[in-house]
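Worksheet for the structure shown next.
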Amino acid sequence: MPFYHQYGSKSLKAVEHLVLFIIAIATIVAIGQEIVHIVSVRMVALADLLLLFIFLEVLAMVANYYESGKLPVRMPLYIAIVALARYLILDMKSMEDWRIAAISLSTLILAATVIVIRWGQLKMPYPKNQEYDN
């Protein structure tokens, strides 16, 4: 067991940091590609802005995870809400009514989930002196 604690844990942390770095670089490249696309078509659409916002949220999530070692559950939920909104905006004209209703309902469920999680964090916070991540 000491071998794992000495080398295994450090190796896993190194891999974790490498993957976080790869995700950050890939996101920055995707932002650059989207900006090049916007400049080349000389027009900014709402879908482009929402995509850039998704990329920004991914970068913020990576930075938060890198700094604290913890991933707030709300951040991927925010990304999912924006992704669903972008999907709805892009394809609404070709969607059937039931699909629009399902995506809207899914967005509302995700938003309600964020509210419940936030309420839980405010009303029932973890005690400061206990570690729940072990």
Side-chain angles (χ1 to χ4, degrees):
M1 202 64 158
F3 179 79
Y4 167 75
H5 286 296
Q6 186 174 1
Y7 298 107
S9 181
K10 289 180 183 178
S11 298
L12 289 176
K13 275 292 186 192
V15 170
E16 178 183 2
H17 287 266
L18 176 66
V19 172
L20 282 173
F21 181 74
I22 291 169
I23 291 170
I25 294 298
T27 305
I28 291 168
V29 168
I31 290 169
Q33 290 173 340
E34 184 62 21
I35 290 171
V36 167
H37 168 74
I38 290 170
V39 170
S40 70
V41 297
R42 296 182 188 175
M43 187 177 81
V44 179
L46 181 58
D48 298 326
L49 294 175
L50 290 172
L51 186 58
L52 286 172
F53 185 72
I54 290 170
F55 292 148
L56 183 62
E57 283 294 319
V58 170
L59 277 179
M61 188 170 53
V62 168
N64 190 339
Y65 188 71
Y66 184 75
E67 290 172 3
S68 70
K70 298 176 184 172
L71 180 64
V73 175
R74 289 180 301 157
M75 293 188 87
L77 293 175
Y78 294 145
I79 293 170
I81 290 170
V82 174
L84 284 172
R86 183 177 185 276
Y87 175 60
L88 195 60
I89 289 167
L90 287 177
D91 296 334
M92 189 177 353
K93 292 179 183 175
S94 64
M95 283 185 195
E96 298 175 17
D97 292 343
W98 69 267
R99 186 177 296 265
I100 294 172
I103 293 170
S104 300
L105 181 63
S106 299
T107 305
L108 284 173
I109 290 170
L110 288 171
T113 303
V114 169
I115 291 170
V116 168
I117 290 170
R118 186 65 183 135
W119 180 84
Q121 288 174 336
L122 291 174
K123 298 296 182 184
M124 298 176 280
Y126 287 138
K128 297 281 187 212
N129 59 352
Q130 292 183 357
E131 189 66 37
Y132 286 94
D133 295 328
N134 293 334

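If you read the sequence from its start, that first residue is 1, and numbering goes on from there. From a predicted model like this one, the values you see are computed outputs, not experimental measurements.
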Is any NZ, NE, NH1 or NH2 atom of the basic residue among Arg99 and Glu96 found under 4.0 Å from an Asp or Glu carboxylate oxygen of the other?
-> no

What's the spacing between Leu105 CG and Trp98 CH2 if we round to 0.5 Å?
-> 12.5 Å

Atom of Leu50, atom of Arg86 and distance for their closest heavy-atom approach | CD1-CA, 3.9 Å

Do Leu77 and Thr113 touch side chain to side chain, with heavy atoms closer than 4.5 Å?
-> yes

Out of curiosity, does Leu71 fall in the hydrophobic cluster containing Phe21 (side-chain heavy atoms, cut-off under 4.5 Å, transitive links)?
-> no

Do Tyr66 and Ile23 share a hydrophobic cluster (ILVMFWY, side-chain heavy atoms under 4.5 Å, transitive)?
-> yes

Any chance you could lay out the side chain to side chain contact (heavy atoms under 4.5 Å, CB included) test for Leu56 and Ile31, step after step, and finish with the verdict?
-> CA-CA 8 Å; Leu56 183 62; Ile31 290 169; 5.8 Å; no

Leu88 backbone acceptor or donor facing Asp91 side chain under 3.5 Å | no

May I ask you to test the Glu57-Val82 pair for a side-chain heavy-atom distance under 4.5 Å?
-> no

Is there side-chain contact between Ile38 and Leu52, with at least one heavy-atom pair below 4.5 Å?
-> yes

With the 4.5 Å side-chain cut-off for hydrophobic clustering, are Leu20 and Val58 part of the same group?
-> yes

Atom CD1 of Ile54 and atom OG1 of Thr27: how far apart are they, to the nearest 0.5 Å?
-> 11.5 Å

Val44/Leu49 under side chain to side chain contact (heavy atoms under 4.5 Å, CB included): CA gap, chis, key distance, verdict = CA-CA 7 Å; Val44 179; Leu49 294 175; 3.6 Å; yes

Within one Ile-Leu-Val-Met-Phe-Trp-Tyr cluster: Ile81 and Val116, side-chain cutoff 4.5 Å | no

Separation between CG of Leu108 and CG of Leu84, rounded to the nearest 0.5 Å | 10.5 Å

Determine, using the 4.5 Å side-chain heavy-atom cutoff (strictly less than), whether Ile28 and Leu51 are members of one ILVMFWY cluster.
-> yes

Residue pair Met95 / Tyr87, side-chain heavy-atom distance below 4.5 Å = yes

If you measure from CG on Leu46 to CD1 on Ile89, what distance do you get to the nearest 0.5 Å?
-> 4.0 Å

Are the side chains of Met75 and Tyr65 in touch, meaning some heavy atoms are under 4.5 Å apart?
-> no

Separation of Glu34 CD from Asp48 CG (nearest 0.5 Å) | 4.5 Å

Do Arg74 side-chain atoms and Val114 backbone N/O form a donor-acceptor pair below 3.5 Å?
-> no

